[in-house]
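Start at 1 and go down the list; that is how both ligands and their atoms are numbered.
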Amino acid sequence: MNPPAPELTLDPADWTELRTLGHRMLDDLFDYLMHVRERPVWQPMPGAARARLAEPVPRTPQPLAAVYEQFARDVLPYPLGNIHPRFWGWVIGTGTPQGMLADMLAAGMNTQAAGVQEAGRHVEEQTLAWLAELLGFPRGSSGLFVSGGSMANLVALAVARQAKAGFAVRDTGLHGSPAPLTVYASTEVHSSVRKAVELMGIGTANLKLIPVDREYRIVVPELAAAIARDRAAGARPIAVVGTAGTVNTGATDDLAALAAVCRQEGLWFHVDGAFGALVALAPELKPILAGLEQADSVAFDLHKWGYLPFEVGCTLVRHPDVHRDTFAVAPSYLGATARGPAAGGVLFADLGVQLSRGFRALKVWMALKTHGTDLIGRLIAQNVAQARYLADLVDRHPRLERLAPAPLNIVCFRFVVPGQDDAALNALNQEILWRIQETGVALPSHTMLGGRFAIRVAITNHRSRREDFAALVQAVMDVGTAVLEGR
Ligand SMILES: *Cc1c(COP(=O)(O)O)cnc(C)c1O
C-alpha cells in the first residue's frame, strides 16, 4: 500500500523565501508612504493596467512574487489619493504607518472578535472604555467597534427602536406596531441615517427632516413642532438624531438643546458624530460638543478624524442592557459555558449585527497609546486651524467667494466672475474642480449649497501643511483664469 500523500496546506513550502518577500513588501510600503508627497494626489488607472486584471479564473497557482509585481505595478500607484497631504475630498481619513503595522499584526493573529475569552476582547473593552471617557459617556456604557459610521448609526438606531418602540419589535417586526414610528434629524443628516431607517423598516417617509438655520444647524423649535404634529396625527416618535459635524459644512447641531427636547418628549437621543465627535480630544474645541455627554448613543469613526486606516467606526450606548437586548441571541452553539473560552458568551456578537468580526480594536488601542490622545486632539485642532487659514485666504481674495460658514474643518467656496450668474458659475467651478482633480495637484470634492456649486475642502489629514492650502488657492486661480481664457 502506498503511503498517503502529504496533506495540503496554504502555508509556504519555503518560509525563508516568504520572509524575504514579506520584508520587501514592508520596505516598499514604507517608501510609498514616505514619498507620498512627491506623487500626484490622484491619477486614473491606465487602460493597460485595467486590462491586465481581466484574467480568467486563476485555477492554478502563480508565484506570490509575480502577483506582488502586478500589485506594485498596476494597483499601488493608482489609489484615490487619500493618504496624500493635498487630499481633502468627501470625509476620508489619511491612515498612518503605525496603523498599517497594527492591521498587519491583527491579520497575523486573525482574531475572530465575537467577544469570547481571548486577549482581544479585553483590548477592545479597554479601548472602548477610554473612548467612552473621552466622549463624556458614563463608566459602564457599552460599545462596539464596527466597519464605520454607517454601521455605527445602524446599530445605535436599532437600539433606539428597541428602547422606544413600545411593543415587542424583535418578535413582530413593525407588523406589531400600533402606530408608525418616526425619527427626526436635520435636512443635513448623513445618508447613512436614511439607509438605517430604511433597513429597520421605518421608511424614509418617517424620517422627518427638520430645516436648518443659516449655520446649517437644526432649528430646534421646528423639531419640537414636528414632534407635536406627528403625535397628534397618531405617529409614535422614537428618536432624534443630532449631527456633530455635518458632511456638507461641518456644522454641529445644538446638542444640549436636542438632549433637552428628547428628555422632555421621552425620545432616544442619538448623535451622528462620524468625524465631529473626536473633537472631544481637543480641549479648545470640545465646547462645540456640549450636550453630547447627555446622548443615549453616539456613532463615530476612527478612520476619519482618528486618522486610522479603514475600516473602523464605533458605537457607544449609555444603556448597556438595552444594547444587549437589541441584539443578543443565544443558539445552543453560541451559549455561554461555565469555563473555557466560551465562558461569558459572545460579548460583541451580542451587541451588533456581526458574529465574526476583525480585531479592529488593536489599531485603535495601539494608536491611542503610541500617539497619546493629546496629540490626536492637537492634530484635530491643527486641521481646524488650517480650515480657518483657507477660509481667510478665500475671504481676502477678490475672485473667490465662501459659500458657507466654516465652523470646523470644512470650507466651501467658489471662483467668481463679475456678472456671471449661478448657472454659469456652477459650470465654471465644476470644470475648475475636474481639472484640479485630474491633474493630481489636489483633491477637494464638491457639494451644492442653495443651488450653488461649491468646491469643498474637508480636512481630516495629518499630512497637510498650510502651504498646501495656499497651493490649492493658487491652483484654483490658475485653472479658473485658464478656463476663462479658453485654454
Ligand atoms: C462619513 C460619515 C458617515 C458614514 O461613515 P462611514 O464610515 O463612511 O460609514 C456618517 N455620518 C457622517 C456625518 C459622516 O461624515
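- Within ligand 1, counting atoms from 1 as listed, the ones closer than 4.0 Å to a heavy atom of G148 are 7 (O), 9 (O).
- Among all heavy-atom pairs drawn from P85 and V36, the shortest one is CD-CG1, 4.3 Å.
- The list of salt bridge (Lys or Arg N to Asp or Glu O under 4.0 Å) pairs with a residue in residues 287-312, not counting sequence neighbours, reads D301-K304, E311-R360.
- Applying the ring-ring contact (aromatic ring centres under 6.0 Å, His included) rule to F310 yields the partners H303; only residues at least two apart in sequence or on another chain are considered.
- Across the listed options E188, K304, E311, K304 owns the non-hydrogen atom lying nearest to atom 15 (O) of ligand 1.
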Where do Y307 and N461 land on the side-chain hydrogen bond (donor to acceptor under 3.5 Å, both in side chains) test, with the steps shown first? CA-CA 7 Å; Y307 306 108; N461 190 325; over 6 Å; no

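- Salt bridge status for R357 with E124: present, with a side-chain N to carboxylate O gap under 4.0 Å.
- Which parts of ligand 1 touch A274 is read off a 4.0 Å heavy-atom cut-off, strictly below it: atoms 2 (C), 3 (C), 10 (C), 11 (N), 12 (C), 13 (C), 14 (C), 15 (O).
- Within the listing of ligand 1, atoms 4 (C), 5 (O), 6 (P), 9 (O) sit less than 4.0 angstrom from a heavy atom of S150.
- Counting heavy atoms closer than 4.0 Å to ligand 1, residue M151 contributes nothing at all.
- Atom 6 (P) of ligand 1 has G149 N, 3.3 Å as its closest protein atom, hydrogens excluded (heavy atom only).
- Distance from atom 11 (N) of ligand 1 to its nearest protein heavy atom, with residue and atom name: D272 OD2, 2.6 Å.
- Residue contacts with ligand 1 leave out G313, since none of its heavy atoms falls under 4.0 Å from the ligand.
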